[in-house]
2 protein chains.
Amino acid sequence: MKKKLPRKTVERLSEYRRTLINYLDSGRDYIFSHELADMHNNTAVQVRRDIMLIGYSGVQRRGYKVKELIRAIGKVLDDPRGQNVAIVGVGHLGTAILHYLKGKRPALHLKALFDIDKEKTGREINGIPCYPVEELAARVREHKIGIAILTVPMEVARETTALLVEAGVRGLMNFTTVPLDVPEDVFLEEYDLITSLEKVAYFVRI
Amino acid sequence: MKKKLPRKTVERLSEYRRTLINYLDSGRDYIFSHELADMHNNTAVQVRRDIMLIGYSGVQRRGYKVKELIRAIGKVLDDPRGQNVAIVGVGHLGTAILHYLKGKRPALHLKALFDIDKEKTGREINGIPCYPVEELAARVREHKIGIAILTVPMEVARETTALLVEAGVRGLMNFTTVPLDVPEDVFLEEYDLITSLEKVAYFVRI
DNA sequence: AGGGTTTTGTTTAATAATTAACAATTAAAT
DNA sequence: ATTTAATTGTTAATTATTAAACAAAACCCT
Ligand SMILES: NC(=O)c1ccc[n+]([C@@H]2O[C@H](COP(=O)([O-])OP(=O)(O)OC[C@H]3O[C@@H](n4cnc5c(N)ncnc54)[C@H](O)[C@@H]3O)[C@@H](O)[C@H]2O)c1
Ligand SMILES: NC(=O)c1ccc[n+]([C@@H]2O[C@H](COP(=O)([O-])OP(=O)(O)OC[C@H]3O[C@@H](n4cnc5c(N)ncnc54)[C@H](O)[C@@H]3O)[C@@H](O)[C@H]2O)c1
């Protein structure tokens, strides 16, 4: 596998790609680094550097060929065989995410939902099967799920995480307000609204 | 105003505080840096350094006094007069956030909701008044709203942002999948699920 | 009381990320 | 064809963040 890219670069590449996909509609085939930069409130140098890191080259005086750049980013971000994802806890937030994710990223396959509520399990929701948590380990293995989105109530966040890790999940997005304990080979993304909001609040005042 | 803290430190302080508030239930009055560290998958040094930066001191061999530390973090993160927040776009996601936020952080006052849908406007939702977007500028000024959570459909994200900035909003959490354009004195937090999910996917593979 | 141990606070070093600098290239203008 | 201006790719410098190192204080044990 190629060398690990900086975390921040990975984030930006994902953002660039989305912007570029929309940009396709504009009818222009090329885009300049400073244009892409302006669309993301960052600098042309940053953009060029990020693109350099994935080994793609634009053409001078012309910019980057949009379609090629999208492909080049895909080559870095996407697993060619796809990666399977589950949502655990299909409540308010889980449902919103479920609908939002649908058809968004072709390389990320939402394969399973898990809940404890019998009303929700044993059927498909928006085309995705929803299983009872009791089947979690078996289903995670069956569907080869490597990534889980955790949207359960905070009281059960830690035990659910333990189940997921035990079942072989390698990456976790934690939407709950509970700090989780994972082995260091599991990638944990804390995705807490309050933290981000308090950060905004702080930097607005400072 | 005191010196600006590092972005990452601010994030962690927010997380520490939440953990500490829960920890109050444990009955213990003190907590060690390594305990707090373990709860957040980071190191004791990091914790001590963060705490040092806000000027709070623990007692050696005893650790940090939980209640005092919570207060000390509040002194840094919270505006004593509170800060007012609005949610713009009360759909699936906006509603989930609305319910989630309720009563969570006393220093952040959710003062207003905005939507274009006449079904939703002109009344209170969960105790918060929901106004039509036409009144946005006036209501933002009336309620002195400094922070906005943007959960409108992506098609209108940019125009809505322009309205908000014009009306005087100083901080923005962008939940939409659209890169926004803001003056540099407005603090913009991109809060995109896809980006984070793709990042997890990348680091799981690498 | 004194030696050993634990834990904090702070300084110094290492690593990661951003920004600046600039050479190389190429399209456009003359 | 030559010059000029624009734009990329890359290296070097700067700044931000994390980790390591260690002295100082506080407790514990004898
Ligand atoms: N709503 C938000 O905007 C928001 C924002 C940030 C974080 N959060 C956090 O996300 C989590 C979910 O929030 P929500 O508003 O969707 O709550 P919710 O109560 O609407 O949904 C929780 C879901 O999890 C299911 N569940 C309960 N126990 C379970 C278990 N052991 N295994 C599997 N599923 C189980 C419930 O049946 C329910 O469907 C909470 O921890 C909340 O703090 C929510
Ligand atoms: N649902 C998710 O999990 C999720 C996750 C990430 C990002 N997002 C993004 O968040 C946004 C909202 O998602 P959603 O699922 O809540 O959509 P939604 O359609 O349920 O809600 C959108 C709301 O915005 C209102 N609205 C429309 N035009 C408006 C305007 N000009 N001013 C004010 N309000 C207006 C609509 O009436 C509706 O209530 C979308 O841009 C989506 O891409 C959603």
Side-chain angles (χ1 to χ4, degrees), chain A residues 2-16 20 28-66 68-69 72-73 76 184 187-188 190 195 199 202-203 206, chain B residues 2-16 20 23 28-66 68-69 72-73 76 184 187-190 195 199 202-203 206:
Chain A
K2 294 130 274 177
K3 251 266 279 334
K4 232 201 263 209
L5 295 171
R7 215 170 259 237
K8 288 301 183 72
T9 295
V10 172
E11 289 178 11
R12 283 189 301 261
L13 287 170
S14 167
E15 288 164 4
Y16 298 158
L20 290 166
R28 285 185 51 199
D29 288 343
Y30 287 85
I31 191 169
F32 294 129
S33 59
H34 66 263
E35 291 176 308
L36 204 43
D38 286 348
M39 297 179 200
H40 291 92
N41 298 99
N42 75 163
T43 67
V45 184
Q46 184 73 270
V47 169
R48 293 207 298 276
R49 205 167 203 302
D50 288 334
I51 293 175
M52 182 191 91
L53 289 176
I54 63 172
Y56 178 73
S57 285
V59 336
Q60 288 191 338
R61 262 309 281 207
R62 264 278 179 72
Y64 300 94
K65 189 150 197 179
V66 179
E68 281 181 13
L69 182 49
I73 294 175
V76 172
E184 62 169 277
F187 189 92
L188 174 62
E190 296 287 349
T195 295
K199 180 170 57 167
Y202 176 82
F203 285 107
I206 282 317
Chain B
K2 294 130 276 181
K3 252 267 278 333
K4 234 202 266 212
L5 294 172
R7 215 171 259 236
K8 288 301 182 71
T9 296
V10 172
E11 289 178 13
R12 283 190 300 261
L13 287 170
S14 167
E15 288 164 6
Y16 298 157
L20 290 167
Y23 190 78
R28 286 186 49 200
D29 288 343
Y30 286 84
I31 192 169
F32 294 131
S33 59
H34 66 261
E35 292 176 309
L36 205 42
D38 286 348
M39 298 179 199
H40 291 92
N41 298 100
N42 75 164
T43 66
V45 184
Q46 184 73 269
V47 169
R48 292 207 298 276
R49 202 168 206 301
D50 289 335
I51 293 175
M52 182 190 92
L53 289 175
I54 64 171
Y56 178 73
S57 286
V59 337
Q60 289 193 337
R61 259 317 273 210
R62 266 279 180 73
Y64 300 94
K65 189 150 197 180
V66 179
E68 281 181 13
L69 181 50
I73 294 175
V76 171
E184 61 170 278
F187 188 92
L188 174 62
E189 172 80 355
E190 296 287 349
T195 295
K199 179 172 56 166
Y202 176 82
F203 285 107
I206 283 315

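Just so we're on the same page: letters track the sequence lines, and every chain starts at 1.
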Discussion item. If we ignore hydrogens and angles and just use 3.5 Å, is the side chain of A:Y16 paired with the main-chain N or O of A:D50 as donor and acceptor?
Written reply: no
Fill in: Between P of C:dT8 and CD of B:Q46, the distance in whole Å
15 Å
Discussion item. Quick check on DNA chain D: between B:N42 and A:S33, whose nearest nucleotide comes earlier from the 5' end?
Written reply: A:S33
Discussion item. If you compare every side-chain N and O of A:R12 against the phosphate oxygens of C:dT18 (OP1, OP2), does one of them come in below 4.0 Å?
Written reply: yes
Fill in: Sugar-phosphate, base or nothing in reach of B:R49, heavy atoms under 4.0 Å
base
Response to the item:
Out of D:dA21, C:dT5, C:dT19, minimum distance to the side chain of A:T43 belongs to C:dT19
Worksheet item: How long is the line joining CD of B:E11 and C1' of D:dT18, in whole Å?
Response: 14 Å
Worksheet entry | d(CE, B:M52; P, D:dT18) in whole Å | 14 Å
Worksheet item: What integer distance in Å separates B:H34:NE2 from D:dA20:C1'?
Response: 18 Å
Worksheet item: CZ of B:F32 versus P of C:dG9: gap in Å, rounded?
Response: 12 Å
Worksheet item: From B:L20 CG over to B:L13 CG, what is the distance, rounded to the nearest 0.5 angstrom?
Response: 10.0 Å
Fill in: Nucleotide D:dT15, atom C1' - distance to NZ of B:K8 in whole Å
15 Å
Discussion item. Under 4.0 Å, counting only non-hydrogen atoms across every strand here, what does A:S57 touch: a base, just sugar-phosphate, or nothing?
Written reply: sugar-phosphate
Discussion item. In this structure, how many angstroms lie between the P atom of D:dT17 and the CG atom of B:D50, rounded?
Written reply: 11 Å
Fill in: Among D:dC22, D:dT10, C:dT6, the one nearest B:R48 by side-chain distance
D:dC22
Worksheet item: Taking atom types as they are modelled, is there a donor-acceptor pair under 3.5 Å from the base of C:dT8 to the side chain of B:Q60?
Response: yes
Item to complete: Specify the residue among B:R62 and B:V45 whose closest nucleotide of DNA chain C lies further upstream toward the 5′ end.
Response: B:R62
Worksheet item: What is the distance from NZ of A:K4 to P of C:dA17, rounded to the nearest Å?
Response: 10 Å
Practice prompt. Report the relative orientation of the aromatic rings in A:F187 and B:F203; use parallel for angles under 30°, tilted for 30 to 60°, perpendicular for over 60°.
Written response: parallel
Discussion item. Is there a side-chain contact between A:R49 and A:L53 in this structure, where contact means two heavy atoms from C-beta onward sitting under 4.5 Å apart?
Written reply: yes
Item to complete: Compare side-chain N and O positions of B:Y64 against OP1 and OP2 of C:dG9 and report whether any pair is under 4.0 Å apart.
Response: yes
Response to the item:
Note: for A:I51 and A:R61 on DNA chain D, the residue whose nearest nucleotide lies more 5' is A:R61
Worksheet entry | pair B:E15-B:N42: side-chain heavy atoms closer than 4.5 Å | no
